[in-house]
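Residue numbers begin at 1 in each chain, while the letters A, B, ... track the order of the sequences. Keep in mind it's a predicted model, so treat the numbers as computed, not measured.
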Amino acid sequence: MERNDLEKIRLEKIDVMRAEGIDPYPTTTYLTHRNQEAILAFEENEKAGNEEQVKATLAGRIRAMRLMGKIAFSHIEDGTARIQLFFRINEIGEAGMQILKDLYDLGDYIEAQGFLFRTRTGEISLHVQSFRMIAKAVTPLPAAKDEMVDGQVVRHATLNDPETRYRQRYADLAVNPQVREIFRVRASTVRAIRDFLDQMDFLEVETPILQPIYGGAAARPFVTFHNQLKQELYLRISFELYLKRLIVGGFDRVYEIGRDFRNEGVSYKHNPEFTQVEFYMAYADYQKVMEITENMVAYVCDQVLGKRILEFRGNTIDVTPPWQRLELRQGIINTTGIDINAYPTAEGLEAAMKEKGYPFKPGSPRGKLVDALIGDYLEPTLLQPTFLYDYPRDISPLAKSKPGEPSTVERFEGFVAGMELCNAFSELNDPLDQEQRFLEMGNEYESDDEERHPMDEDYLRAMSYGMPPMGGFGMGVDRLVMLLTNQQTIREVLLFPHLRKLEE
RNA sequence: GGGCGCGUAGCUCAAUGGUAGAGCAGUGGCCUUUUAAGCCAUUGGUUCAGGGUUCGAGCCCCUGCGCGCUCACCA
């Protein structure tokens with residue numbers, strides 16, 4: 001591969017090392033402590049008043065180097081902490097000092113053996129007695145100078161260009177500790193969701209990602225092909241239909257945390273693949289699921305942040321239950337003045353929207369028009385956690401109708417900070433009604449072939465065996481992590497967000 | 001897919017159409033013992049790519065590529 005001048009200098013250093021019999025990439029590291037452990041061990045020893053020094057062999061990446069003639073200071077960093085190394089010619093010798101000067105660069109991994117002490121400025125450091133290269137870096141990290149001021153890392157320039165940060169996430173993570181922190185929060189979030197559901201006796205399961213029939217949402221799928229079976233397969237757009245089959249099978253409470261794939265546009269809140277948690281709970285309805293939802297999000301905040309107040313886009317958001325409950329119809333009346341119940345047909349609603357000057361796509365099904373009113377006018381106003389409930393039947397083919405209101409279903413969506421976070425309903429368990437819904441959806445979206453909800457005969461068969469009443473729930477984990485970390489785009493909470501391929 | 005903006009040294013950024021610069025990083029030197037964002041010197045460029053206008057283009061025009069914002073799309 002092509003190397004720039006900085007890299008060529010380092011490659012020459014590798015040649016020198018090999019010529020001198022030094023392996024720049026040895027296999028074994030003999031560290032006795034991770035950096036954080038060493039710092040704690042020193043502090044404990046100091047507190048106990050022991051005369052005896054704490055000996056340690058540490059390892060990490062060189063993030064700063066200050067050569068001062070006969071002494072030198074360096075900061076190294078491992079996954080736990082940054083610690084200072086102190087080199088003195090008395091211990092490492094003139095040859096050692098020369099090697100340090102000639103062969104070591106920022107970004108290299110070093111192993112250093114010595115004893116812990118405090119410098120005159122009070123910083124816990126390792127007084128190095130011997131050291132060696134454990135991995136030479138050829139490419140310099142994309143960061144300029146670092147220093148410690150009052151225990152804080154101060155960086156004078158760092159990798160900032162979003163394209164480079166996403167394409168070379170490894171470099172981004174290596175130089176931007178706040179980016180690493182986002183993904184620690186992400187891991188804690190997933191763990192907290194799992195803990196919460198496990199504590200409620202939900203069973204975690206895994207269902208197919210490659211599916212012969214996709215379903216459970218209205219989205220365009222990715223299509224792939226199994227060569228040996230000579231069969232088209234779809235990457236799942238939701239877990240829903242498989243998880244509900246498991247309820248039929250006798251697992252009363254199931255959940256899955258995994259990846260969904262939707263072949264649609266990208267935006268600050270959409271990525272072609274995203275992480276979803278779905279759960280299904282027999283003998284529960286959507287009211288019960290609302291309670292579980294608000295408790296779950298509050299639990300996650302407690303576990304991950306230790307508080308229930310979030311800052312997001314300058315808004316202060318309190319996720320403490322109970323969340324506001326707002327009937328969808330009323331919410332739309334409040335923000336647009338249109339009572340959707342007064343317009344049972346698409347044509348009627350379209351006329352009403354036209355009269356009020358709201359934009360719409362002519363010829364849309366009624367549900368799409370309602371969706372447009374929600375997305376454009378209602379959703380942005382829902383800053384504090386809000387459950388919007390009771391949706392039109394025709395955009396909810398898997399949800400159960402409200403008793404006595406055939407055109408409305410028991411469905412809610414949770415909104416936080418003006419962003420849709422989750423979607424849930426009392427699940428439709430009447431196989432005859434379900435078959436009818438599939439047929440209606442087929443007709444409704446006939447013009448829009450790719451987004452049509454395909455008939456799933458096997459799912460209907462499962463339901464025909466008898467499906468208990470249940471509540472179901474789905475939440476975008478990426479969006480929750482955005483909220484918890486105050487990130488404005490989904491790309492910041494994805495380790496490797498999708499970018500267009502570069503021409504080579 | 002549309003609109004707007006951006007793309008200059010390893011990183012962060014400058015540069016009226018008139019010799020492409022700075023800071024940091026790098027390289028060389030100074031520095032005899034607890035800090036340094038140190039001091040002195042110095043290297044480094046296909047200005048995203050390809051065309052065009054012009055005596056002369058990083059800058060103006062066209063095309064392409066990539067990224068960002070935004071609209072569309074999006075349960």
Note to self: Measuring to OP1 and OP2 of B/C13, would you say a side-chain N or O of A/N160 lies under 4.0 angstrom away?
What the structure shows: yes

Margin query: Just N and O in the side chain of A/K8: are any of them under 4.0 Å from OP1 or OP2 of B/G26?
Written below: no

Margin query: Using the side-chain heavy atoms of A/R500, tell me which of these nucleotides is nearest: B/U33, B/C69, B/C67.
Written below: B/C67

Next item on the list: With P as the reference atom in both, quote the distance from B/G18 to B/G58 in angstrom, rounded to an integer.
Entry: 10 Å

Notebook entry, point to check: Is the distance from OP1 or OP2 of B/U34 to the nearest side-chain N or O of A/R120 less than 4.0 Å?
Noted result: yes

Next item on the list: Tell whether A/D5 reaches the base of B/U43 with its side chain through a donor-acceptor pair below 3.5 angstrom.
Entry: no

Margin query: Starting the side chain at C-beta, find the nucleotide from B/U12, B/G66, B/U27 nearest to A/E163.
Written below: B/G66

Checklist line | Strand partner of B/C69, provided both Watson-Crick or wobble distances fall under 3.5 Å | finding: B/G3

Notebook entry, point to check: Considering Watson-Crick and G-U wobble pairs with both distances under 3.5 Å, what does B/G17 pair with?
Noted result: none

Margin query: Among residues 410-424 of chain A, which ones have heavy-atom contacts with RNA chain B below 4.0 Å?
Written below: A/R411, A/E413, A/E420, A/N423

Item checked: G-U wobble or Watson-Crick pairing nucleotide for B/G50 (cut-off 3.5 Å, both distances) -> B/C62

Next item on the list: Measure from the side-chain heavy atoms of A/M68 and tell me the nearest of B/C67, B/U34, B/A36.
Entry: B/A36

Notebook entry, point to check: Side-chain donor or acceptor of A/T121 under 3.5 Å from a matching atom on the base of B/U34?
Noted result: no

Checklist line | Nucleotide nearest A/R167 when distance is taken to its side chain, options B/G66, B/G68, B/C74 | finding: B/G66

Margin query: By the 4.0 Å heavy-atom rule, please label A/L499 as base, sugar-phosphate, or nothing.
Written below: sugar-phosphate

Next item on the list: Please name all residues satisfying side chain to side chain contact (heavy atoms under 4.5 Å, CB included) with A/L11, sequence neighbours left out, ordered by chain then number.
Entry: A/R3, A/I14, A/V138

Notebook entry, point to check: Ignoring hydrogens and angles, are the base of B/U34 and the side chain of A/Q84 linked by a donor-acceptor pair under 3.5 Å?
Noted result: no

Next item on the list: Determine: side-chain N/O of A/K269 to OP1/OP2 of B/C73, distance under 4.0 Å, yes or no.
Entry: no

Item checked: Side chain of A/K368 - closest among B/C74, B/G68, B/U12 -> B/C74

Margin query: Heavy atoms only, 4.0 Å cut-off, all strands: where does A/R118 land among base, sugar-phosphate and nothing?
Written below: nothing

Notebook entry, point to check: What does A/T489 touch in the nucleic acid at a heavy-atom separation under 4.0 angstrom: a base, only the sugar-phosphate, or nothing?
Noted result: sugar-phosphate

Checklist line | Rounded distance in Å between the C1' positions of B/G44 and B/U8 | finding: 14 Å

Next item on the list: State which residues pass salt bridge (Lys or Arg N to Asp or Glu O under 4.0 Å) with A/K400; sequence neighbours excluded, sorted by chain then number.
Entry: none

Checklist line | Side chain of A/A218 (C-beta onward), nearest among B/A75, B/U32, B/U35 | finding: B/A75

Check: Would you call the rings of A/F438 and A/Y459 parallel, tilted or perpendicular if under 30° counts as parallel and over 60° as perpendicular?
Finding: perpendicular

Notebook entry, point to check: Is A/R165 reaching over with its side chain to a backbone N or O of A/E492, donor-acceptor style, under 3.5 angstrom?
Noted result: no

Item checked: Among A/Y389, A/F425, A/F387, the one residue meeting ring pair (Phe, Tyr, Trp, His ring centres under 6.0 Å) with A/F412 -> A/F387

Check: For A/A72, which residues count as a side chain to side chain contact (heavy atoms under 4.5 Å, CB included) partner, sequence neighbours excluded?
Finding: A/L67, A/F87, A/M97, A/L100

Notebook entry, point to check: Can you list every salt bridge (Lys or Arg N to Asp or Glu O under 4.0 Å) pair that touches residues 372-388 of chain A, not counting sequence neighbours?
Noted result: A/K269-A/E379

Check: Mind checking what makes ring-ring contact (aromatic ring centres under 6.0 Å, His included) contact with A/Y234, not counting sequence neighbours?
Finding: A/Y214

Margin query: Applying the Watson-Crick and G-U wobble criteria at under 3.5 Å, what pairs with B/A9? Answer none if nothing qualifies.
Written below: none

Checklist line | Pairing partner of B/G28 (Watson-Crick or G-U wobble, both distances under 3.5 Å) | finding: B/C40

